[in-house]
Trainee: 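Please find one structure pasted underneath; my questions will follow.
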Number of protein chains: 4
Amino acid sequence: MTSQTMTADPGLGKNRPSKKQQILDAALNLFVQQGIEATATAQIAKRAGVATGTLFHHFASKEALIQALYWQIKQQLADAALAAEPSKEEDDLKRQARHYWDCALGWALAHPDALKFIGQLYHSPARDEHLEQQAMTQLLHFVPRMLEQGSALGLLRSAPMDLTLALCHSHFLASAHYFILHPQKATQSTYLDSAFEHLWNGLLHFPLHEELVLSH
Amino acid sequence: MTSQTMTADPGLGKNRPSKKQQILDAALNLFVQQGIEATATAQIAKRAGVATGTLFHHFASKEALIQALYWQIKQQLADAALAAEPSKEEDDLKRQARHYWDCALGWALAHPDALKFIGQLYHSPARDEHLEQQAMTQLLHFVPRMLEQGSALGLLRSAPMDLTLALCHSHFLASAHYFILHPQKATQSTYLDSAFEHLWNGLLHFPLHEELVLSH
Amino acid sequence: MTSQTMTADPGLGKNRPSKKQQILDAALNLFVQQGIEATATAQIAKRAGVATGTLFHHFASKEALIQALYWQIKQQLADAALAAEPSKEEDDLKRQARHYWDCALGWALAHPDALKFIGQLYHSPARDEHLEQQAMTQLLHFVPRMLEQGSALGLLRSAPMDLTLALCHSHFLASAHYFILHPQKATQSTYLDSAFEHLWNGLLHFPLHEELVLSH
Amino acid sequence: MTSQTMTADPGLGKNRPSKKQQILDAALNLFVQQGIEATATAQIAKRAGVATGTLFHHFASKEALIQALYWQIKQQLADAALAAEPSKEEDDLKRQARHYWDCALGWALAHPDALKFIGQLYHSPARDEHLEQQAMTQLLHFVPRMLEQGSALGLLRSAPMDLTLALCHSHFLASAHYFILHPQKATQSTYLDSAFEHLWNGLLHFPLHEELVLSH
DNA sequence: CATGAATGAGTCTTCATTCAT
DNA sequence: AATGAATGAAGACTCATTCAT
């Protein structure tokens, strides 16, 4: 929660969020419910309790609003994953990975709309590839770091990094999406473990692998 | 197994596809390039070489067109995966899985637009969950069948089926997407193997697992 | 029922009405339910159980269909009123008028859609004034005849004929409409008498009139 | 009693009517000339000198515009009839009725389009029966009041109220329509008197009635 | 900063009519 | 005579954006 947008909230002592944030909140909610294109700026403004014109004072265009929202969410997600960074000395890479996974998944479950929004943009042709790259390198840099670490230790398969990153990203999104759709299953460790194991095992390097399969 | 839509093409001897198919083709192309919402029905019709009204003669609405397109693609994908069904006697489950994987991935690479379209719809709030279920059970029934088989053999982890299915689906989509974006990598077995291994290993059941990790 | 459209019904011995008549029937029904403009020719054809093209074989245009329908209905209404023409010797003009009124109203109640259709066209700017005149003079000539007769006898006020005709026409339409909307009231003579008396008294010529009012 | 829509005309000192009123005026004019269905919203906007969107800023739909227009006209008509309410002490009910009649007819002749519009809607299947009821009870309440009064005095026939109301309404519409079509006749008292007498006599109660007819 | 009426190009969809079969 | 796929102009309505207050 560190890099929270602190735009000099004009609300002074009051706890009411700034109009800008109200707009972002309203937008997120509506985008997820109805889709991005299907949501009119006027509707966002109404839901946020401001005038139509006000929206365009804070965001140059609808497109800019979408990108600001996207960036804010990615930032919050990274913050959440890094919130209580595990001691670097932690010798167990898996446990470390699980720590990040739990933090990120926990945040996702607490902010289902944010996750769904990310998902919506993921496959959109309007997706800003450059923005995505930035987010990954600036915010979620710990993911490639861990992968390299594990690979160097011989624990993880030495797979192409960019492919692996893409697969991890998609795996996380799919898992989070699943648990958001079935909230009661997010409380059962069977399901939670299974999702993480699926990812982790997929990354592992197994000398015994072939034997196991052939001698089934 | 060819459930190809054979709508008694009125072109008879001529090889020209039916207007309905022309519309579907044009729609797919434009949807992927510009996004679904950003594509006007009039533009689809023009690209298809028919009148605006013709589109609505064949599809009740833009929404119906989208669903018809989705269904057709899923059907073709299933057909492709089942095209040369491996001998049932095949004792190696992994090889069998790889066979399906290669067929499906091959089709995806040959039809990048179709894949991208599926991806676009995947996270859309307009997504018809019911249709998705139908597609999975009617067309891609071989996936759950294999998972159960492997689980019964003790080869695969006994994970919740619905979660596993969702993760496999997303993994396939992400992989295909990656190779479509980087076509030259789709010719290198390093990459191709890596993508499949990631999925397969994630599914495996390892008695030795914990030991391996702890004794790294 | 004399001038029924006898278009050489190709149905031969069968009792099924000709396609042309089926179209007219379907059109009437839909026009009344949804409005004329709101009813598509394709819908009429479907309801009539014929192809879209067939409609345009029998009627040059939608407009022509409407006019044909209008004419047919006016004809049937006139036929109904004249069905059992009272003996000319009938000395009581009021009884004679009531006879026509009852016949016409009876037909209207038996054909509510027909009446509503006439009503719809009554105030339409698309109304063909010429056609209306023709209908009045050719089919309902007995109305002006009676008015003149009554006026000559000194029984009816000598009011301008065209104004009186318009008022009678509108009175009949309004009455019929009322009884169609409230069918159970069409069985009570209180209501039926009241509607007719209202018209008839309005036409009467009263030397005693002013006195009655002033000395109330 | 002037329930005129006084929507705080933003024109301030300027005499230019609000855009909303401009739209209503343009709509009335075009509806009457071409018919309601035959008039495009874009055409209304153009005639009103505003953008297409502006129309839908003030009225949710074409349907809503029609209803707003209808309501405004009924209001103005009621205002006109009640403009110079006759002294309550007026002992002659007929003279009182004639007063209302003249006021209403005068307004109708001064606003022929308004009258024609009412007429068009009168028989439309799109007619909102509920709105009609409201208009009658809220705006034109003096009509049923007079009828009851006259009936209590024994002057008017004790006919069913709702039927009588419908007949009076239709009679007024037909009369107004007639005079609008033949404006020069609206200056001759022969015609004006005749129209009113027709209505009034139709309402009267005549003990001598039968005798008069039988002894013609 | 905030407002919300105004804009007009653009969207999806309808529908009377035609014509090859 | 009957069919129904095809047409494309036209319609109602939307919406991102601007601007005077």
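Chain identifiers are assigned alphabetically (A, B, ...) following the order of the sequence lines, protein sequences preceding nucleic acid strands; residue numbering begins at 1 within each chain. For the numbers below, each heavy atom of this structure counts, side chains included, while hydrogens, waters and symmetry mates do not.
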Trainee: On DNA chain F, does the nearest nucleotide to I36(A) precede the nearest nucleotide to T52(D) from the 5' side, or the other way round? Give the residue.
Mentor: T52(D)

Trainee: Between F31(A) and F117(A), how do the two ring planes meet: parallel, tilted or perpendicular, split at 30° and 60°?
Mentor: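 Answer is parallel, since the angle falls under 30°.
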
Trainee: Could you give the CD1-to-P distance, from I44(B) to dG8(F), as a whole number of Å?
Mentor: 17 Å

Trainee: Under 4.0 Å from OP1 or OP2 of dG4(F): is there any side-chain N or O of K19(B) that close?
Mentor: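 Looking at the OP1 and OP2 atoms of dG4(F), neither is under 4.0 Å from any side-chain N or O of K19(B).
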
Trainee: Can you check whether K19(A) reaches H57(A) side chain to side chain, under 4.5 Å on heavy atoms?
Mentor: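 K19(A) vs H57(A): side chains apart.
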
Trainee: Looking at dA12(F), dA2(F), dT3(E), which one has an atom nearest to any side-chain atom of F56(D)?
Mentor: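 It is dA12(F).
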
Trainee: Within less than 4.0 Å of OP1 or OP2 of dC12(E), is there a side-chain N or O belonging to T41(B)?
Mentor: yes

Trainee: Can you tell me the distance, in whole Å, between the CD1 atom of I23(A) and the P atom of dG4(E)?
Mentor: 13 Å

Trainee: Please tell me which of the listed nucleotides, dT7(E), dC15(F), dG4(E), lies nearest to the side chain of A51(D)?
Mentor: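 The listed nucleotide nearest to A51(D)'s side chain is dT7(E).
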
Trainee: What's the separation between atom CD in Q22(D) and atom CZ in R47(D), rounded to the nearest 0.5 Å?
Mentor: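 Between Q22(D) CD and R47(D) CZ, I get 12.5 Å after rounding to 0.5 Å.
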
Trainee: Hunt down the Watson-Crick or G-U wobble partner of dA20(E), both distances under 3.5 Å, from any strand shown, or write none.
Mentor: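 The base-pairing partner of dA20(E), which may sit in any strand shown, is dT3(F).
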
Trainee: CD of Q120(C) to CG of D113(C): how many Å apart, nearest 0.5 Å?
Mentor: 9.5 Å

Trainee: Between G49(B) and G53(D), who's closer to the 5' end of DNA chain F by nearest nucleotide?
Mentor: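 Going by which nucleotide is closer to the 5' end, it is G49(B).
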
Trainee: Let's test this: given Watson-Crick or G-U wobble pairing with both distances under 3.5 Å, identify the partner of dC15(F).
Mentor: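 dC15(F) is paired with dG8(E).
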
Trainee: Check the distance between dC15(E)'s P and L55(B)'s CG and give it to me in whole angstrom.
Mentor: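 Atom-to-atom, L55(B) to dC15(E), this comes out as 17 Å.
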
Trainee: Rounded to the Å, how far apart are F59(B) CZ and dC12(E) C1'?
Mentor: 16 Å

Trainee: Rounded to whole Å, please give me the gap between CZ in F31(C) and P in dC15(E).
Mentor: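 In whole Å, dC15(E) P lies 12 Å from F31(C) CZ.
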
Trainee: Within this structure, what is the NZ-to-P distance between K46(B) and dT11(E), rounded to whole angstrom?
Mentor: 11 Å

Trainee: Looking only at side-chain N and O atoms, does S61(A) come under 4.0 Å of OP1 or OP2 in dA16(F)?
Mentor: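 Negative; the distance criterion is not met.
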
Trainee: Looking at dA2(E), I'd like to know if its phosphate oxygens (OP1 or OP2) sit under 4.0 Å from a side-chain N or O belonging to H58(A).
Mentor: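 Yes, because at least one side-chain N or O of H58(A) sits under 4.0 Å from OP1 or OP2 of dA2(E).
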
Trainee: How long is the line joining CD1 of I66(B) and P of dT11(E), in whole Å?
Mentor: 14 Å

Trainee: In whole Å, measure the gap between the P atoms of dT21(F) and dC1(E) for me.
Mentor: 23 Å

Trainee: Figure out the NZ/C1' separation between K62(D) and dT14(F), and round it to whole Å.
Mentor: 17 Å

Trainee: I44(A) and side chain to side chain contact (heavy atoms under 4.5 Å, CB included): which partner among T39(A), V50(A), N29(A), T52(A)?
Mentor: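 Checked T39(A), V50(A), N29(A), T52(A) against I44(A); only one passes side chain to side chain contact (heavy atoms under 4.5 Å, CB included): T39(A).
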
Trainee: Does dT14(F) have its OP1 or OP2 closer than 4.0 Å to a side-chain nitrogen or oxygen of H57(D)?
Mentor: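 So the side chain of H57(D) is outside the cut-off, no N or O lying under 4.0 Å from OP1 or OP2 of dT14(F).
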
